[in-house]
2 protein chains.
Amino acid sequence: MVSIKDIARKAGVSISTVSYALNGSPKVTDETSAKILAIAKELNYVPNAAARNLKKRETKIIGAFLTDFSGAFYGELLQGMKEGVNRSGYDLIVCSGKQSHLLLPQRMIDGAIILDATFSNEELLKFADLGHKLVVMDRDLDHPNVNQVLLDNKAGATLATEYLIEMGHRKLYVVTGPKDSFDSRQRLQAVKQTVGRIPDIEYIEIEGDFNKSAGELAGKRIAQEYSGPVAVFCLNDEMAIGMYDYLATTDFRVGRDIHLIGFDNIEVSGYTKPRLATIDYSKRKWGMLASEQLIKLIAGDDVDHERIYVTLVKGDSVGQL
Amino acid sequence: MVSIKDIARKAGVSISTVSYALNGSPKVTDETSAKILAIAKELNYVPNAAARNLKKRETKIIGAFLTDFSGAFYGELLQGMKEGVNRSGYDLIVCSGKQSHLLLPQRMIDGAIILDATFSNEELLKFADLGHKLVVMDRDLDHPNVNQVLLDNKAGATLATEYLIEMGHRKLYVVTGPKDSFDSRQRLQAVKQTVGRIPDIEYIEIEGDFNKSAGELAGKRIAQEYSGPVAVFCLNDEMAIGMYDYLATTDFRVGRDIHLIGFDNIEVSGYTKPRLATIDYSKRKWGMLASEQLIKLIAGDDVDHERIYVTLVKGDSVGQL
DNA sequence: TTGTACGCGTTATCAG
DNA sequence: CTGATAACGCGTACAA
């Protein structure tokens, strides 16, 4: 590999002069500087990241950590993050899985955006204590080195629940996410609060895990105990889609017998017929804001926690009772 | 940050002893080794990646480069890659965008898997010439440091075309991908070959770009010039979905008036009604194979180019004429 | 077990 | 005011 040493030799100067020239320091004549730059280009010189990182103690790379790569959901989110970090001269890498957790303490990245259930709160707090900067998008974590950019889950779940009630429904199933999911817990709490304010609502909870299969299973159970029109709030769209899928194999019709609403407004939800009612928010904005907050945190600015607002998307999957 | 120096001081030994102990070298007494490990754990020691990379001239990280993060498509593919690299002690990072191209020559990663149109062939060949190891999944590139793991586009496009012909169709539209897409060109070529073997086929080409909007536009045009049942081969599912979408706003019915087949078998394709006919392949296997090939290449093994086989998924989006 | 020379840039200090 | 010398940063691994 070509290093500054090679350039220095070829240019007949010292390595420090090369370094200064490459970094645009005014300590070098324009003439020598030009010569050095020309040689660098000619030799396809690219500075070795390890050497530079070692000295500068920064990598200008931000890591985004995801529970898995599968979410149809992540595209816009990551796009938003990338725009956010690039704007400040950082690069974004996307990681998943326990093995990649080390990238942070190894100082391979300057900070991390967490949307990844494989991190425990304790682990993150340990990182924060060691001085690493974090933005969390999937939990409530209080630490000077951690900023939160969270969805307004409570508002969303409240909107969804109120919509079902407004449409005349009085028997309500909720299909939850995994018990350890922050989003699920927040949404569930809001549902309970909303339902609690209305008398005479029959409320049934089914435990899910945010995967399609859980929606199918829940659909099966609801079909079995069916005795009249019911409303179902799946706490994410993926499960709602699973339920859709299952119900399509039965005689029950979504929007007539079983009234369905989800959360996230993922792409497929726009293609179901009837259209799945859901809760929408800008995934791109969410990602961008998270990355901007992280960069501020790294720069030493102090930042407040942020909240992403959500809106209701009506759909014929919920009919008037 | 805590370094081996801190550990050495606390343990009352030299830094080299610490290094040996941490690396499990037999050159250190079990006793001292145990003491050192205990101190390391106590201090939350994690080796600095930059320093280690600098010396070892490897990072044990593989980069996967994508044109963008949006493909609903990438989930399984990346999962496959991750499994493949983790198995050999490597880590996977996912990158997108021109700025991240530098990660390779900077030696931030030990090799790259390319599925990214923002890399030109020249750029990749330059990297290969400089000794970097690459696997390409989206082009035909011949170089000792480059391995190809490609879809069997020709088989897929032939299967699709023959299916349409078998179902009795004789007027065939093809909606292409971008002109510079390798997959699009290969698929198109196979279509032409297949069509060429059958007399009396009316064949019309519409230029697309693999995005949903291109499918909508093409659908609009086909609807305008409609004079009787036609078959349409969208060279990827995304465009087929776009066309579906548009046709749903018209009186034309997919599978009766306009017969549609795609390529990729993305998730949404399973939710259209009638089901979109398409070409399927294991995205997970594709990703895993690509990563395995790259790791072999890095290890210096010599590897042959690989091909991923495809199958036809029939669907009622194509009816018998 | 330990001293030490690396790897490759960065930058403070010093000489011309 | 230009440019060279040298001391880092932090692990690794050879020689002693």
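Per chain, numbering begins at 1; letters A, B, ... match sequence-line order.
Under 4.0 angstrom from either OP1 or OP2 of dG9(D) there lies no side-chain N or O belonging to R57(A). Regarding contacts with the backbone of dC8(C), every side-chain N or O of Y45(A) stays at 4.0 angstrom or more from both OP1 and OP2. For the OP1/OP2 pair of dG3(D) and a distance below 4.0 Å, the side-chain nitrogens and oxygens of T32(A) include at least one atom meeting the criterion. For the pair S19(B) and dT12(D), the criterion of a side-chain N or O lying under 4.0 Å from OP1 or OP2 is met. When the side-chain nitrogen and oxygen atoms of R52(A) are compared with OP1 and OP2 of dC8(C), none of them lie within a distance under 4.0 Å.
Under the 4.0 Å criterion applied to side-chain N and carboxylate O atoms, R107(A) and E58(A) are not assigned as salt-bridge partners.
Residue contacts shown for V18(B) are absent, as no nucleic acid heavy atom lies under 4.0 Å away. Among the protein residues, N23(B) comes within range of the sugar-phosphate backbone only, with heavy atoms under 4.0 Å from sugar or phosphate atoms but none that close to a base. At the heavy-atom level, S25(B) lies nowhere under 4.0 Å from the strands shown.
Looking at residues two or more places apart in sequence or on another chain, you find a salt bridge (Lys or Arg N to Asp or Glu O under 4.0 Å) between R284(B) and E83(B).
A cation-pi arrangement, defined by a distance under 6.0 Å to the six-membered ring centre and an angle within 45 degrees of its axis, is present between K283(A) and Y281(A).
Side-chain atoms of A51(A) lie closest to dC8(C) of the nucleotides dC10(D), dC8(C), dT2(D). Among the nucleotides dT1(C), dG11(D), dC10(D), the one closest to the side chain of T29(B) is dT1(C). Nearest to the side-chain atoms of T17(A) among the listed nucleotides dG3(D), dG9(C), dG7(C) stands dG3(D).
In this structure, the CG atom of L54(B) is 14 Å from the P atom of dG9(D), given to the nearest Å. Note: CD1 (I7(B)) to C1' (dG11(D)) measures 11 Å, nearest angstrom. The distance between atom CD1 of I15(B) and atom P of dT4(C), rounded to the nearest whole Å, is 11 Å. Separating the CD1 atom of I36(A) from the P atom of dG9(C) is a distance of 14 Å, rounded to the nearest angstrom. Whole-Å rounding puts the K60(A) NZ to dG9(C) P distance at 19 Å. In this structure, NZ of K27(B) is placed 11 Å from P of dT1(C), rounded to the nearest angstrom. The separation between R107(B) atom CZ and dG9(C) atom C1' is 15 Å, rounded to whole Å. Atom CZ of R9(B) is separated from atom P of dT2(C) by 15 Å (rounded to the nearest Å).
Take the nearest nucleotide of DNA chain D for K55(B) and for V28(A): the residue whose nucleotide is more 5' is V28(A). Residue whose closest nucleotide on DNA chain C sits further toward the 5' end, between M1(A) and S33(B): S33(B).
Residue K285(A) places its NZ atom among 12 or fewer non-hydrogen atoms of other residues, nucleotides or ligands, all under 6.0 Å distant.
One donor-acceptor pair, N or O on each side, does fall under 3.5 Å between the base of dG3(C) and the side chain of S16(B). If you check distances only, the side chain of Y20(A) never reaches the base of dC1(D) with a donor-acceptor pair under 3.5 Å.
Ring orientation note: the planes of F119(A) and H101(A) are close to parallel, at an angle under 30° on the 30°/60° scale.
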Q: Would you sort out whether R9(A) and D6(A) count as a salt bridge (Lys or Arg N to Asp or Glu O under 4.0 Å), showing the intermediate values?
A: CA-CA 5 Å; R9(A) 195 176 327 117; D6(A) 303 300; 3.5 Å; yes

